[in-house]
Amino acid sequence: MNTLETLPVTLDDVLKAQELLEGIITKTPVESSRALGSLVGGNVFFKCENLQRAGSFKVRGAYVRMARLTEDEKKRGVVAASAGNHAQGVAVAAKSLGINARIYMPLGVALPKLAATRSHGAEVILHGHNVDEALAEAQRYANETGAVFVHPFDNVDVVAGQGTIGLEILDQIPNVDTILMGVGGGGLLAGVAVAIKAKAKELGREIRVIGVQAENAAAYPPSLAADALVPLKKVTTMADGIAVGRPGQLPFSIIRELVDDVVTVSEDSLARALIFLLERAKMVVEPAGAVGVAALMDGKIENPGNTAVVLSGGNIDPMLMLKVIQRGLSAAGRFMTVRMMLDDRPGSLATIARIIAENDANVTGLDHTRLGGSISMGDVSITINLETKGHEHGEQVLGALRAEGFQPIVVH
């Protein structure tokens, strides 16, 4: 096993990165969460990188990477590829350093992320239908023009820059026991692990560092099990900030040595976590930034103790937020879509409405149709969207409908 001193990124690298970032980035606040703490039986703190410049931690690594370029490299400019956070981080860093930046983003990228990246002064080129295609084009451009390619996670300076979050957490929560964060390519997790494990060794104590992935984009568990990079054939998750199908070689070499565990969470768990953060913490966080909260809510972390969760970003498209909120409410039993058949005669719909009202549920939408291959003459199909107070209340409403002779089918 490698020692901390022989890893490709060391505590000294992170400390030097911290010096470079002085006055450039925001030392983001830490907020405690009594609600989540009471749920898991410990103290929980949020490291609010969603309040960082450009809305995520990415500016840290991007700035350190670009600040260390030679004058000749700076004159040649930089190029990157991203669907969101890395793009904005590179754009902000480039503007601060006076470097021209070209960023490739896939066609169909969320409009707020596109507009934000351009507003920071970067030249944005739309190319390809996914980040991999944009990445290939960015690398082609770098090879052709000599522009410096700024990788989102597979670079020593980038990893060191992200690791400065670990130093801040230790300064803000000296008695921290466990640190959770999302992991895609691995730059953030690797950097924080280097800083935390080295500092913990100096202090003579143990601090756990745990990564969290969306289960439909979890390349690290199989890669760690095989002790080799195992790419995924398919990646599908709302957490686009960590939707990476293949770990970075450099971060992987650190994570396999230092990180205590990598756990996974479902899409429904992610949606519930986002609703929790909105309602109880008053925090706007993107799905990738909420995976640590989801892991705690799911009971995936044993004996968490004093726990810091890195809310790594807050750049969420409002249209995605609408979908996530609905999914989160549904997963929590607070939103339900029910379909049923009833006699096509006056009063049938009124009876349904009475039952729902008597059981204190709220109708938010109704579809009423007599047409369709499965609908008999004299029948009508209705689909009702309901707000309920949880799973138990939803079952109460369904039971009341069945008691009156209806046969409701839960669609969503």
Side-chain angles (χ1 to χ4, degrees), residues 46-50 52 54-58 81-89 105-106 108-110 112-113 130-132 134-135 152-153 162 180-189 192 210-223 231-248 251 255 262-278 281 283-298 300-301 309-332:
F46 297 143
K47 176 60 173 170
C48 302
E49 284 295 292
N50 56 313
Q52 183 57 263
S56 88
F57 72 96
K58 287 287 190 178
S82 167
N85 290 345
H86 181 58
Q88 293 176 64
M105 304 183 83
V109 67
K113 295 182 179 181
N130 53 53
V131 176
D132 286 339
L135 187 65
F153 49 81
Q162 320 305 27
L180 304 177
M181 72 211 74
V183 52
L188 172 64
L189 182 61
V192 171
I210 298 175
V212 187
Q213 292 199 296
E215 63 184 24
N216 294 332
Y220 264 91
S223 295
L232 301 178
K233 294 180 180 178
K234 186 178 181 182
V235 173
T236 56
T237 176
M238 70 174 79
D240 57 344
I242 54 172
V244 178
R246 184 178 185 274
I255 288 168
V262 176
V263 300
T264 64
V265 294
S266 70
E267 298 296 289
D268 281 348
S269 294
L270 263 177
R272 285 194 296 269
L274 286 168
I275 294 292
F276 176 89
L277 286 163
L278 283 170
M283 288 283 180
V284 176
V285 179
E286 63 187 271
V291 290
V293 175
L296 282 175
M297 293 177 69
D298 280 358
K300 294 289 182 76
I301 313 300
V309 183
V310 180
L311 306 182
S312 56
N315 295 316
I316 183 169
D317 177 18
M319 293 304 295
L320 174 61
M321 181 176 282
L322 284 174
K323 297 175 184 176
V324 169
I325 288 173
Q326 187 176 50
R327 179 164 187 160
L329 291 174
S330 177

At what distance, to the nearest 0.5 angstrom, does [atom1] of [X] lie from [atom2] of [Y]?
X: F57; Y: L311; atom1: CZ; atom2: CG; value: 12.5 Å
X: D298; Y: R272; atom1: CG; atom2: CZ; value: 5.5 Å
X: K58; Y: S312; atom1: NZ; atom2: OG; value: 9.0 Å
X: L189; Y: I255; atom1: CG; atom2: CD1; value: 4.0 Å
X: I275; Y: L270; atom1: CD1; atom2: CG; value: 12.0 Å
X: C48; Y: M283; atom1: SG; atom2: CE; value: 3.5 Å

Walk me through it: do L277 and F46 pass the test side chain to side chain contact (heavy atoms under 4.5 Å, CB included)? CA-CA 10 Å; L277 286 163; F46 297 143; 3.9 Å; yes
Report yes if some heavy atom in the side chain of [X] is under 4.5 Å from a heavy atom in the side chain of [Y]; otherwise report no.
X: M238; Y: R327; result: yes
X: V183; Y: V262; result: yes
X: I316; Y: V284; result: yes
X: R246; Y: L232; result: no
X: K47; Y: L180; result: no
X: F153; Y: V244; result: yes
X: Y220; Y: T264; result: no
X: L296; Y: V309; result: yes

Evaluate K323 against D317 for salt bridge (charged side-chain N to carboxylate O under 4.0 Å, His left out), listing each step before the verdict. CA-CA 10 Å; K323 297 175 184 176; D317 177 18; over 6 Å; no
Measure across [X] and [Y] and return the closest heavy-atom pair with its distance rounded to 0.1 Å.
X: M105; Y: A87; value: CE-CB, 4.1 Å
X: S56; Y: N85; value: OG-CB, 3.4 Å
X: A243; Y: A217; value: CA-CB, 4.3 Å
X: Q213; Y: P221; value: OE1-CD, 3.2 Å
X: P287; Y: L274; value: CG-CD1, 3.8 Å
X: A239; Y: A288; value: CB-N, 3.7 Å

Test side chain to side chain donor-acceptor pair (under 3.5 Å) on N216 and T237; report intermediate values, then the result. CA-CA 6 Å; N216 294 332; T237 176; over 6 Å; no
Give a yes or no on whether the backbone of S330 and the side-chain of D268 come within a donor-acceptor separation of less than 3.5 Å.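 Looks like no, no N/O pair under 3.5 Å.
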Report the C-alpha distance between V212 and M181 in whole Å, list the side-chain angles of each, state the deciding distance to 0.1 Å, and finish with yes or no for side chain to side chain contact (heavy atoms under 4.5 Å, CB included). CA-CA 6 Å; V212 187; M181 72 211 74; over 6 Å; no
